[in-house]
Structure formats: C-alpha cells, structure tokens
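In listed order, ligands and their atoms are each counted from 1.
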Amino acid sequence: MKFDRSAEIFAAAKQLIPGGVNSPVRAYRSVGGTPVHMARGNGAYVWDVDGNRYIDLVMSYGPLILGHCDPRVVKAIQATAATGTCFGTPSQGELDMAREITSRVPGCEMVRLVNSGTEATMSAVRVARAYTGRDVVLKFDGCYHGHGDSFLVKAGSGALTNGAPDSPGVPGKLAGLTLVARYNDLAHVAALMDAHGPQVACMIVEPVVGNIGLVRPNAGFLAGLRELCTKHGAVLIYDEVMTGFRVARGGCGELFGVIPDLYTFGKVIGGGLPVGAYGGRRELMSRVSPAGDVYQAGTLSGNPLSVAAGLATLRACDAPGFYARLEQLGARLQAGLEAAAAKHNVPLYVGRQGSMICPYVSRVPVTTLDAAMASDRALWTRFFHAMLREGVHLPPSPFEAWFLSSQHDEAVVDAICAAADRAFATAGTLPA
Ligand code: KE4
C-alpha cells in the first residue's frame, strides 16, 4: 500500500495546522506512521487520497450509523441546501428534531440544539451549576466530554491517547473544581460524595465509556450513581454524545433503565454534520435562556442542514429490527475477533455494547481505566498497522471505540475477521 499522497498533504498541512490535523487523535501520534487522508466514503467503505480502499471502523467516531453517503441523508442535505443553509431564525425542522429526541429518550422532556458535543456538555454543566448553586463537577477517569476546561482532567480519547489527560491552559482554580472518580468503582464515588457532596453540582458520566476504548458499566454502577446524586442533591448527567440513539433507540436511559436528570447528545443526531444537544428534566431545562437565566447561544444551533441530516438518520433508524441487527453484527464481529486472536495465542478481551466495540490485548477483562492502560499497546499498534495494510481502517488508538453501521453486513464483518486473522499472525504474540 502507498501513502505518498497522504504524506505529501500531511507535510504541507503541518506548516499551517497544528500537528497537521484539526483534531489530535487523527495525527497517528500514538501509533506512528502517516495518517491516511480520506477522499471519499460509501457504505462501509472509505478510499484514501492514494486510492487505497478500506473497510471503515472509525465511521467518523460515531455519527455514521447508516454508513457513508446514505442516499436518504444525502438527499435530505441536497434538498435542504437548495432552500437555504441557515437563517438565524427558528424553523420547523428544529421542532421536528426536538420531538424526535424527546419522544425517544426517557426523561428527556426538553432539549436545546447546539453545534458540538463539547458545547452540549459545557452547557449541561452550566445548567447543573445554576440549578444547584454549586461549583464542583465530578467526572470519571478516562471519560471524555469534549475539550471544555472543566473536563480536561484525567480525560479520555485523544487526551489520553496523546498522554495529556490534563491540559495546560486550564486554570488550576478551575481544574480544582473538578473531582475525578474511578469509573466502575462505586465505593470511591460514595467516598468522594461523602466528603464533597454539598459542593457537587453534578456528576457527568459516559454511561457506556467509548473513550477508554469500550468499557461497560458494572451491574448496579449507574443505579448507584443515581442514588448518590439523589441523596446529595447533585444533578446526574449522562454524556450520550457517542451512545445516544446508537446503543438503543432511546440510548442508555432506555438500555439500563436508570434515568439521569440531563443528557448530552451529538454525532448520530447530525447524520455526519456538526451538531450537539442537551436536554432532560423540564425543571432544569427551563432555566436555559431565554426561558430562564442560564445563558447559552449559537449562531448555527439547529441549522437546517444538520437538522435535515439528523432527522433523515433518526427516521431511518426506526426501520423494524434496526437495532437488533446492529447487535447481531456486533456480536458476529466480537466472536470473529476472539477466534482469530485465540488461533494466534493473542490474549484478547473485547469490550462491546451493540455496534460499539473495542478489542484490548489483555489477559483480564477491561472494566476500568487502569485495566485499559495495562493492556499491551505495542502489540495493539502492530495489529493496527497490519489491519491498515489488510484494508481495514481502525481508530489510531487503543482508547477509541470502533463503530459498525447498518452497512457493515455479514460479508463485511467476516472480511474484517479474516483480515484480523492475518493481522494477528504478523503482529505476533505477547511474550509467554
Ligand atoms: P465533539 O465536541 O467532538 O463533537 O464531542 C465531544 C465529545 C463529548 N462526549 C463524548 C462521550 C465524546 O465521545 C465526544 C467526542 N468523541 C471523540 C471520539 N472519542 C471525537 C473524536 C475527536 O476528538 O476527533
């Protein structure tokens, strides 16, 4: 495989864009090599600027649940673009989107659209702070909630990948208002709440963590967080920017039956265009300007293009059996990866929730950040490059979830597993 054109573009881009990328994880810092630059996508496939074709498991980190260039989404964007891209006024589509979101998500009575997941989480925390009159935010190690100042403390995703879970530029006083608990360690959360409960405005959590790879909540963990928040008068925020409308039609609220006070969304509801949203209990959301006194605004919030792409996506996900099929495809991929690893004596633990999946080179289950950090990243990196050469495009980090779409059918999944068989053969095994 040649990556000459990607290398050329990357060299030039590094002169004008920090690190040559507009989002750090794309730079291949933790895996090395030249980041492939994509030219086009269709269904489960992408083609890079050198003409190499890949089965795509990045899928833009979550939005493309229908695959690249779904005809329904493309048609909705084209039709909308022809009538105007933005007006700076309310529009029917925003009401339609609010109806779609609130009708799907348990406990989401009102919602505000914004332009990114980061805006959504920043805004949700501001509402929680206003509603409680408290300043402290409790987050979880390895969870990533975008690049808002309060969240860049033991953050996951690209921050973890690039070894900067705490970022310079965040005032110490502000970082000091963020408590970090261990994910899946309810006793640790309870101890922190016993010590700081009266100051804690909110707990924000990825109910299923997609930014340490893929870590599911232990039984009772989310219910425990719910109880602690209720006991201490703190707001429980589910950050479902990644899991929303993906792990189930109504996201983790539906899946686990534990209902937060606020949710944040993104990705799927934009169908590949810029979007974010936050919502939840009417009592809290009524505090948002201009209904209330908590200010939040956005020039392109609810813009017709993102809304049209998101509505087309959500409505397509309503096809009979849509989520059951994603579960089947995810289970098939998990089984195939486990079989391939076993054949080559590679100890593999696969974290999975529906169509979000992450294999770790680990002899133990990965249910915490520490366990993820202890996985074998050197072998994982060799596997990453071997898969790229086999024509399978993975996220360039062991701390990112892989995403399937409805276009990753059985034949595609089996091709991924066959590629993994060959990749494990060349990536070698752990020392005995
Ligand atoms: P954005 O600001 O990137 O739209 O969303 C931030 C965000 C918030 N919450 C969760 C749970 C998220 O996963 C994200 C963003 N996800 C990463 C992928 N791990 C985006 C990829 C990137 O940073 O380039």
For residues 15-36, which residue pairs pass the side-chain hydrogen bond (donor to acceptor under 3.5 Å, both in side chains) check, not counting sequence neighbours?
none
Aromatic ring proximity Phe403/Tyr61, centre distance under 6.0 Å
no
Taking salt bridge (Lys or Arg N to Asp or Glu O under 4.0 Å) as the definition, give me every residue that meets it alongside Glu94, ordered by chain and number, with sequence neighbours left out.
none
Residues around ligand 1, heavy atom under 4.0 Å from any ligand atom, sorted by chain and number. Can you pull those?
Ser23, Val25, Tyr61, Ser116, Gly117, Thr118, Tyr144, His145, Gly146, Ser157, Glu206, Asn211, Asp239, Val241, Met242, Lys267, Glu400
Listed partners of Arg315 passing salt bridge (Lys or Arg N to Asp or Glu O under 4.0 Å), at least two apart
Glu100
Is any NZ, NE, NH1 or NH2 atom of the basic residue among Glu327 and Arg352 found under 4.0 Å from an Asp or Glu carboxylate oxygen of the other?
yes
Closest heavy-atom contact between Tyr360 and Ala372?
CE2-CB, 3.9 Å
